[in-house]
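None of the values given here were measured: they were computed from a predicted structure. In listed order, ligands and their atoms are each counted from 1. Both backbone and side-chain heavy atoms feed into the values below; hydrogens, waters and symmetry mates do not.
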Amino acid sequence: MKNLWNDADAEKMVADYAKKGVDGDLALRVYTTRLLGGEPRLVLHGGGNTSCKTRATDLVGDEWDVLCVKGSGWDMAVIEPQGLPAVKMGALLKARALTELSDEDMVALQRSNLIDPASPNPSVETLLHAFLPHKFVDHTHSTAILAIVDQEDSKALVKRVFGDRLGYVPYIKPGFDLAKVAAEVFEADPSVEGLILDKHGIFTFGDDARQAYDRMIHYVNVAEEYVAKNGKPKAAKAALPAKLAKASDIAPMLRGAVAVARGEGRFDRMISDFRTSDAIIDFINSAKIAELAGRGVSTPDLSIRIKTGPMAIPAPDADKLGDYKAVIRSHVETFAKDYQAYFETNDALDDVKRTMLDPMPRLTLVPGLGMFGHGRTLKDAKIASDVGEMWIEAVRGAEAIGNFQPLSKADLFPLEYWSLEQAKLASNKPKPLTGQVVLITGGAGAIGAATAKLFAANGAHAVIVDLDPAKAAEAAKAAGNNSIGVGADITDPAEMRAAFDKAVAVYGGVDILVSNAGAAWEGRIGELDDATLRKSFELNFFAHQSAAQNAVRIMLEQGTGGVLLFNTSKQAVNPGPKFGAYGIPKAATLFLSRQYALDYGAHGIRSNAVNADRIRSGLLTDAMIASRSGARGVSEKEYMSGNLLGQEVTADDVAQAFLHQALAERTTADVTTVDGGNIAAALR
Ligand SMILES: [Zn+2]
């Protein structure tokens, strides 16, 4: 690992922050924290922290000795001074005299001694930083260090690799008890330059930012070199099928299998993030992969992301894809059963009241293909994949020099079910469509974009399909929530298929279709040329059928139901003069919606239509509104609000109707009217 310290960069950071009133210690603390945070093999998604001891002034001008320590929720790679809240040292040091301190009291002590009460919670490892006398303290979960400490005889190995230069601290859950023991280990030999925390990671320290950082990189390199020099030959590879199925073939099956069934056809769905590389495949093709996955996580805080460890499933045979869904389901069932047993066994050991988290895996290893991270959002799924890559790094190293032997699951349990983490979960309420993927055709138009925005605000990830890829991307950006835009001519079945493939590639599947794209052609029906009518049928009927077919194909693989929503327009039931080319295929699409409701209801797939009228959009442009209102001799406003309510109907109103239909879990074969009231077009 390269030492990235650069004098010019460090000086520049000190100078830049000095202009903002940040002192030099804190500026350099920010500098090396970012250096450490930018390297995933050291620090990943909250696993690691840093501190410096300095002085700070409170609001009444009193100056205090403080510990500026990493606050929770801050990413070390992009940390700012406010991500290192200042805690008064006096109180922290006094705590050392206590015989015990609960996690809740520890948090209270830290918070009540903040200089700025608006600060984030200081790290749970704050006391450990405080009890060490050094000005700068760095802590990482280096994968090379984990290869050394995740061994049965780790204490002897640490001594062999690092000699007396680093102290050895046995495994204790982070918090008050660990802080005290770590301080005692240091005090027993104050000449050490850092501490190795068994099954957990490494601390280094120094008088200045550079010394602590240099030591971190140095000892990580010592570990890396030891692994490189002492590596034994790799384990045998598992035999793979002659013809492997593709990741996209199995993604919806897997996504469906890891969805949490809530009963009565309801599911908490997850997003799947597929990731692969030569390094990933080389490792997971090991004949031992299922056994290694079962041993657990490489450092305990990964349990927050991937629970007790990854799930490994067999490589999928392209010729036996029909049986593979059952193979996946049986592996997920076993994982869930084991997880439940792990919870029940460990929960029974004391009187603490805990809620079992869902028992589904968060990382699936598929030999020959790669891995899938699972999470309730794309962000969480990607974090699970990131963590998976670092799990592989650590386990590969550990297996090269011995046997990967991480923390036991009994010791892992108190960390995964930490009261502080459980409290965080209780406050983290999902949105109504969290975990779901909606694909919207005509997604960059007025109704499509409004629908994408509303669905994304309600937790869904939107796949916005539009003829114009730039506009699709723009609408995805406006919708937010990691939505994506896809350019496609949906009257071409291959392009429609590619749009759905993209949804599967990015999110793992599709749960909701909003089949919305349409265009209007005019002409009196008896004189209409055949080509125009057929062209309208291609977009206003066959594209709806093609979208629904693709959606249903994926939904059946997932086995978690789904919903098809069609924009059928008022024309489907109430023809307008010279509008047959538009209204007739729309009428067919209305019945298409009912046919899907009938044919797929037994699979939990619902199908509904929205019957909207007179919406400002690409179909009804401002110019058309001007000409039509003029022709009728009414004002534009009167024309647009010519309905029973006397109010203009907007794209947002249509989006609201689609959302209602998506959320109404017992509503199928429904037609919802969004036209402000038009008695001639009223249904039933
Ligand atoms: Zn740690």
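- Below 30°, between 30° and 60°, or above 60°: for W5 and Y213 the angle between ring planes is between 30° and 60°, a tilted geometry.
- Ring geometry for Y417 versus Y342: interplanar angle of 30 to 60°, hence tilted.
- Of all the N, O or S atoms in E125, the one closest to the Zn ion (ligand 1) is OE2.
- Taking the ring centre of F131 as origin, the terminal cationic atom of K180 falls outside the region bounded by 6.0 Å and 45° from the ring axis.
- Restricting H200 to its N, O or S atoms, the one at the least distance from the Zn ion (ligand 1) is NE2.
- Nearest N/O/S atom of H141 with respect to the Zn ion (ligand 1) is recorded as NE2.
- Counting only N and O atoms by type, the side chains of S385 and D273 include a donor and acceptor under 3.5 Å apart.
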